Amino acid sequence: MRIGILTGGGDCPGLNAVIRGIVRSSGEGYEIYGVLNGWKGMLSKDVMKLDNEDVEGIHILGGTILGTARVNPFKREEDRMLLEKNFKELGFDALIAIGGDDTLSVAAKLSSLGYPVVGVPKTIDNDVSNTDYTFGFHTAVNVGADAIDRLHSTAKSHQRVMIVELMGREAGWITIEAGLAAGAHLILIPEFPMTINEIVTYVNRRMKKNRYMIIAVAEGFKPTELEEVVADKSTIDAFGHIRLGGVAHYLAEIIEQKTGYETRSVVLGHLLRGGTPTAFDRILGTRYGVEAMNLVKKRDFGRMVALKGNEIISIPLEYGVATKKLVPFEYYKLAQIFFD
Ligand code: F6P
């Protein structure tokens, strides 16, 4: 049996652990081919054979040995036809697609056309529905919390307001968890907008009392008054997403102007995604990879592996891409206890 694997969308710590898990658990009678640069490699038929030696020790490495890209083969009819043609010409008996909702939505469409596809949910944002966690998230939260820990001493020494921006397009999971872990004094996430006046009230109250403040903000947070999120609207990717970034800087200028307190902004951005995965993400990635291979062996296609509690299960691919998993109000309420 000839099996393709691809990694699509933003890279994410733990991708290599999934690849290793698939290859190592494949066994006799299975040939594994890595497709380079996500769906782009399916359009150019760029593949490499993967044997046990190729995946030796890769689970501790960040990024993906296969490369990745944000390419949507369903955007143009010619690409969709080429994708189908190449799938056949490559002789794949199965394809394992590792990615977030964009990559998995392509996998789901391919599966609905009758192709043997299995999905593995990946994203530091942790917003894929019907799985408790996506790998990469745990690493991103740890990097974010470490950065916020470090900001406390400099903010305190200078009696400043420090605004730290973390990734999170529609879901504020990274920001709320890193903020909670590292004791941010205000957490701003897309799910729960706030007005500038409310933010300013928090700042004035905290600064009078404690003389320094850390605000954690997700890149997708939009103050109520703004019509649109802060972003570079000239850059739109193949899935129609604009490039977010800059809300921390935007807020810093307004807060300094309205409160008079010296304010600085820091954007963590891609730092959250880079580097070696935590042990948790290495293990979750490994378990996902092994289960994806199991599904292929059982010819149980059109499924996505998922984590429920501590159990690895599988669900229909469409369930993973149906909606975004957002931070629920109960969790935000818990974080609010520590707004200070
Ligand atoms: O993969 C998800 C994500 O990290 C988002 O949080 C972020 O908005 C986006 O990717 C950034 O994408 P890019 O690497 O293409 O700039």
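What you see is a predicted model, and the numbers here were worked out from it, not measured in a lab. Counting convention: from 1, in listed order, for ligands and their atoms alike.
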Look at [atom] and say which protein heavy atom is nearest, naming residue and atom and giving the distance to 0.1 Å.
atom: atom 8 (O) of ligand 1; result: Glu219 OE2, 2.6 Å
atom: atom 5 (C) of ligand 1; result: Asp125 OD2, 3.4 Å
atom: atom 15 (O) of ligand 1; result: Arg70 NE, 2.9 Å

Please determine whether the number of non-hydrogen atoms from other residues, nucleotides or ligands lying under 6.0 Å from atom OH of Tyr133 exceeds 12.
no
Within a 6.0 Å radius of atom NE2 on His249, are there more than 12 heavy atoms belonging to other residues, nucleotides or ligands?
no
Would you check whether Ile124 reaches within less than 4.0 Å of ligand 1, judged by its heavy atoms?
yes
Taking a cutoff of less than 4.0 Å between a non-hydrogen atom of the residue and any ligand atom, is Gly9 in contact with ligand 1?
no
With nothing but distance in play, are any N or O atoms of His270 less than 3.5 Å from an N or O of ligand 1?
yes
From the candidates Arg169, Arg273, Lys122, the one that places a heavy atom nearest atom 11 (C) of ligand 1:
Arg273
Out of curiosity, Leu66 CG to Ile19 CD1, how far, rounded to the nearest 0.5 Å?
4.0 Å
Thinking salt bridges, do Asp340 and Lys209 make one under a 4.0 Å N-O criterion?
yes
Answer yes when Lys85 and Glu89 have at least one side-chain N-carboxylate O distance shorter than 4.0 Å, and no when they do not.
yes
Between Phe329 and Phe192, what is the ring plane arrangement, given parallel below 30°, perpendicular above 60°, and tilted in between?
tilted
Taking only heavy atoms of Gly168, which atoms of ligand 1 are found under 4.0 Å from at least one of them?
6 (O)
